[in-house]
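Inspection log for the structure reproduced underneath, given as structure tokens.
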Protein chains: 2
Amino acid sequence: MRYSDTHKEETRKKVLKAAAKAVRAKGPDGVGVAEIMAEVGLTHGGFYAHFPNKEALVAAAIDEAFGQSGRRFERLTGGMDGREALSTFVDLYVTREHRDHPERGCPIATLSSELPRQGQPVREAYERGVQALIGRLTRWLPDERKGLAASLLAEMAGAVSLSRAISDGAAADQLLADARRSLKLRMGIVQ
Amino acid sequence: MRYSDTHKEETRKKVLKAAAKAVRAKGPDGVGVAEIMAEVGLTHGGFYAHFPNKEALVAAAIDEAFGQSGRRFERLTGGMDGREALSTFVDLYVTREHRDHPERGCPIATLSSELPRQGQPVREAYERGVQALIGRLTRWLPDERKGLAASLLAEMAGAVSLSRAISDGAAADQLLADARRSLKLRMGIVQ
DNA sequence: CCTCTAATATGATGTGCATCATATAAATGC
DNA sequence: GCATTTATATGATGCACATCATATTAGAGG
């Protein structure tokens, strides 16, 4: 092989990361192949040497996005007990910071409504990510109540998502604060 | 005028209703002008006699969708006290029926994630609808706690939205049931 | 029954996009 | 430094769509 052994793999990774960001920022249908390739300094034609089609890229990008936030949370909560980990998670997820940066946030808060309309490979990637996150939360909860974990995640994503629709910043912040409190109550962290 | 006085207005209404359904089913960007006109038995060209452009239609369709569900809930909860109205609302909103029929459901559960990326007129219509719904819930709550109302709405929409991503029907139903219970707890309806 | 005008249809234009066939260029091993 | 092969670029194709200019038709008023 003439390019370095790792060159193609590196390019693929870069494309994937750009896509993971772009998909969250503009949605699966709002983003174009050419745009993502340009982001990496390439042109659109080379794309098909890395992915069979756009749908495969989007699916991989969603896996990547979930993977990124998953690793981040593992890192930040490593060594904590369940109670502390849950509290940390809420304080990182249900925030203005998350609301204001969908492109590096949780795919659920950013893509929930449009994902059911995507093709099967994309939906599958999304569900994998959702289930992994539910699993993580479940392990942190007393008695490992999976149903509760899912419902808590719904509340967190719903709060971030709805706060993005509220133009009055103070009201949006208040919504997030109310949600954090409700979540910690449900988790048994506060009374 | 040669057509009956009300003809144009009736056509506009029909287009609007078709759009309100289509926008929820396929998203603002997933739906085409020609498709909506065909739904009403017309061709695409006539569209611009009714709306200046697609964006205006989408904004009007979102108003219409919020209006439809608003009127429906007013009708169903008319005469109830706050407690009973809230309980009824939860039992209608956080359901499998709602999950399975986005095209006639709440625009928040169907459009939340992609709406922040729409143009201003569409975002404004959406926020009007959100605020109206928050207002309705607020009036039903003891002490009229607006922040709580918003947070409750986030949890409801989040639960329906997330349940749409879960392919295992039983698990999705369980998520909805858990959410209903959590919501009624927060509303002070059950212990 | 005919006229006239508002409502709708036809068809064209331009744009953006995914995909692919083919051309070019990069850089390693010789 | 050259040949070879692999990565990337160029450019073409076809489709879906919004928009608009122009043509046609429906049908109430005379």
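Residue numbers start from 1 in every chain, and the chains themselves are labelled A, B, ... in the order their sequence lines are given, proteins ahead of strands.
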TODO: For B:Arg186, check side chain to side chain contact (heavy atoms under 4.5 Å, CB included) against everything at least two apart and list the hits.
DONE: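 Here the qualifying residues are A:Glu155, A:Ser182, B:Leu148, B:Ser151, B:Leu152, B:Glu155, B:Ser182.
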
Task: Partners meeting side chain to side chain contact (heavy atoms under 4.5 Å, CB included) with A:Ala56 (sequence neighbours left out) - done: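 Side chain to side chain contact (heavy atoms under 4.5 Å, CB included) check on A:Ala56 returns A:Pro52, A:Asn53.
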
Task: For DNA chain C, the residues among residues 116-124 of chain B that have a non-hydrogen atom under 4.0 Å from it - done: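 Per residue number, the list is empty: none.
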
Task: Within residues 38-50 of chain A, residues whose heavy atoms come under 4.0 Å of DNA chain C - done: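 Close to the strand are A:His44, A:Gly45, A:Tyr48.
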
Task: Identified side chain to side chain donor-acceptor pair (under 3.5 Å) partner of B:Gln68 from the options B:Arg71, B:Glu64, B:Arg72 - done: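 Of the listed options, the one satisfying the test is B:Glu64.
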
Interatomic distance where [atom1] belongs to [X] and [atom2] belongs to [N] [whole Å]:
X	N	atom1	atom2	value
B:Arg12	C:dA6	CZ	P	19 Å
B:Lys14	C:dT8	NZ	C1'	13 Å
A:Glu35	C:dG16	CD	C1'	11 Å
B:Glu55	D:dC17	CD	C1'	16 Å
B:Glu10	C:dA6	CD	C1'	15 Å
A:Lys8	D:dT5	NZ	P	16 Å
A:Glu9	D:dA7	CD	P	11 Å
B:Leu57	D:dT19	CG	C1'	14 Å

- [ ] Evaluate whether atom NZ of B:Lys54 has more than 12 neighbouring non-hydrogen atoms of other residues, nucleotides or ligands under 6.0 angstrom away.
- [x]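 Buried by this count: over 12 neighbours within 6.0 Å.
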
TODO: Keeping to residues at least two apart or across chains, list the salt bridge (charged side-chain N to carboxylate O under 4.0 Å, His left out) pairs with something in residues 108-124 of chain B.
DONE: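 Matches after skipping sequence neighbours: A:Glu114-B:Arg117, A:Arg117-B:Glu114.
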
Open item on the list: Closer than 3.5 angstrom, by distance alone: can the side chain of A:Lys17 be matched with the main-chain N or O of A:Ala61 as a donor-acceptor pair?
Closed with: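 Not confirmed, A:Lys17 side chain does not pair with A:Ala61 backbone.
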
- [ ] Please determine if A:Glu39 and A:Lys21 form a salt bridge, counting it only when a charged side-chain N lies under 4.0 Å from a carboxylate O.
- [x]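 The answer is no: the pair does not qualify as a salt bridge.
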
Task: Charged N-O contact under 4.0 Å between B:Glu74 and B:Arg136 - done: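 Result for this pair is yes, salt bridge flagged.
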
Open item on the list: Does a side-chain N or O of A:Thr11 approach OP1 or OP2 of D:dT8 to a distance below 4.0 Å, or not?
Closed with: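 Yes, such a contact exists.
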
Task: Partners meeting ring-ring contact (aromatic ring centres under 6.0 Å, His included) with A:His98 (sequence neighbours left out) - done: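 Expected list: A:Tyr93.
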
